[in-house]
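Below you'll find the structure, written out as structure tokens, and then a few comments.
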Amino acid sequence: MHKTLERSTHRRQEGFVLVVSLLILVILTLLGVSMFGNVGLQQRMASNTREKNRAFEAAQSALQYAQWWLTQGSNATQGVTCPPSSPSSVPLVCTTALSNPTTVPWAFSNQYAGGSLKLDVQQLNSSGVSSGGANSYYSYPQFYIQYIGFSSSTGGNLYRITAWAYGGNQNAIAVVQSVFLVGAGAGGSTPAKSVSGT
């Protein structure tokens with residue numbers, strides 16, 4: 001009788017160990033699956049943040065190029081009606097404001113890519129630039145320069161510069177804007193400065 005009781009207790013203990021082992025295995029599996037899902041989500045979030053930052057930096061580069069261009073020679077003019085009747089090989093200063101700067105792409109803009117200026121938006125969009133990816137951008141950054149007017153308080157011309165750019169894909173877009181002052185000094189244009197942020 002004593003041996004029968006020992007065997008019954010031993011079998012119950014073996015069954016309990018099996019049930020506990022299965023529960024631990026299920027819990028570990030659920031933890032592993034949830035961690036795997038979190039890693040994928042974190043990778044997508046990091047990728048989106050990277051592309052947003054790349055778009056912002058590209059837009060800032062186009063904005064800074066436009067600011068630099070305005071200070072060169074006699075580029076700081078009172079502008080022309082945009083879009084022009086024929087494409088130009090140099091940036092243009094426009095007399096009209098953008099109707100909606102945050103709706104991109106714009107019908108007309110000055111596009112800047114690595115030192116070369118692109119002015120024909122349609123030609124650019126059909127040229128296969130939209131490959132995107134980790135080491136490239138979805139499209140060239142674009143900028144728009146608008147002549148605002150002469151500032152009697154500062155003695156210079158004010159320009160509104162708006163720029164936008166894609167990151168590596170068409171879902172990452174940044175639009176930046178500044179008001180830029182080009183002052184008149186004894187030697188032509190004085191160093192320009194941004195009088196409002198992006």
Side-chain angles (χ1 to χ4, degrees), residues 51-125 127 129-130 136-185 187-198:
E51 292 307 322
K52 184 177 97 173
N53 289 338
R54 290 179 69 213
F56 178 76
E57 294 300 329
Q60 280 290 102
S61 295
L63 185 84
Q64 290 171 0
Y65 172 79
Q67 291 173 345
W68 170 84
W69 179 84
L70 276 171
T71 63
Q72 304 304 303
S74 59
N75 292 339
T77 65
Q78 293 186 4
V80 297
T81 303
C82 293
S85 55
S86 61
S88 171
S89 61
V90 296
L92 298 174
V93 176
C94 300
T95 57
T96 54
L98 287 167
S99 58
N100 192 354
T102 58
T103 302
V104 296
W106 301 325
F108 168 79
S109 63
N110 302 294
Q111 299 184 18
Y112 179 71
S116 62
L117 187 72
K118 304 286 183 181
L119 287 167
D120 187 348
V121 177
Q122 299 306 319
Q123 180 183 1
L124 173 74
N125 290 343
S127 65
V129 176
S130 60
S136 62
Y137 291 86
Y138 185 77
S139 180
Y140 294 120
Q142 300 179 9
F143 63 89
Y144 189 92
I145 305 171
Q146 178 203 354
Y147 174 71
I148 298 175
F150 180 77
S151 171
S152 57
S153 61
T154 59
N157 291 318
L158 291 173
Y159 297 88
R160 179 176 292 115
I161 303 170
T162 309
W164 74 276
Y166 284 116
N169 61 59
Q170 64 182 347
N171 298 319
I173 302 172
V175 177
V176 294
Q177 189 175 72
S178 72
V179 174
F180 199 67
L181 172 68
V182 179
S189 295
T190 59
K193 61 181 179 178
S194 176
V195 293
S196 71
T198 55

message: Tell me the closest heavy-atom pair linking L63 and A163, and the distance in Å.
response: N-CB, 3.8 Å
field: From CD (Q67) to CD1 (I145), nearest 0.5 Å
entry: 9.5 Å
- request: Taking side chain to side chain donor-acceptor pair (under 3.5 Å) as the test, write out the residues that go with T102, two or more places apart.
  value: N100
query: Do any N or O atoms from the side chain of N169 and from the backbone of A172 form a donor-acceptor pair under 3.5 angstrom?
result: yes
- line: Taken in chain and number order and not counting sequence neighbours, the residues that satisfy side chain to side chain donor-acceptor pair (under 3.5 Å) with T95 are none
field: Closest non-hydrogen atom pair, Q142 against A62
entry: O-CB, 4.2 Å
message: I'd like to check the side chain to side chain donor-acceptor pair (under 3.5 Å) partners of Q146; sequence neighbours left out, ordered by chain and number.
response: R160
field: From CD1 (I173) to OH (Y166), nearest 0.5 Å
entry: 4.5 Å
query: How would you list, by chain and number, every residue that makes a side chain to side chain contact (heavy atoms under 4.5 Å, CB included) with A165, sequence neighbours excluded?
result: A58, A59, P141
field: Qualifying residues under ring pair (Phe, Tyr, Trp, His ring centres under 6.0 Å), relative to Y159, sequence neighbours excluded
entry: Y147
- request: Give the minimum heavy-atom separation between V182 and A76, together with the two atoms involved.
  value: CG1-CB, 4.0 Å
query: Taking the side chain as C-beta and beyond, is there a heavy-atom pair between T103 and W164 under 4.5 Å?
result: no
- request: Decide yes or no for P91 and F143: does some side-chain heavy atom of the first lie under 4.5 Å from some side-chain heavy atom of the second?
  value: yes
- prompt: To the nearest 0.5 Å, what is the distance between CD1 (I161) and CZ (F180)?
  reply: 6.0 Å
- prompt: Say you draw a straight line from OG1 of T81 to CG of L92; how long is it, rounded to the nearest 0.5 Å?
  reply: 11.0 Å
message: Any non-hydrogen side-chain atom of V93 less than 4.5 Å from a side-chain atom of N75?
response: no
message: Restricting to side chain to side chain contact (heavy atoms under 4.5 Å, CB included), what partner residues turn up for S151, sequence neighbours left out?
response: S153, T154, L158
task: Sequence neighbours left out, what passes side chain to side chain contact (heavy atoms under 4.5 Å, CB included) with E57? Give chain and number order.
output: none
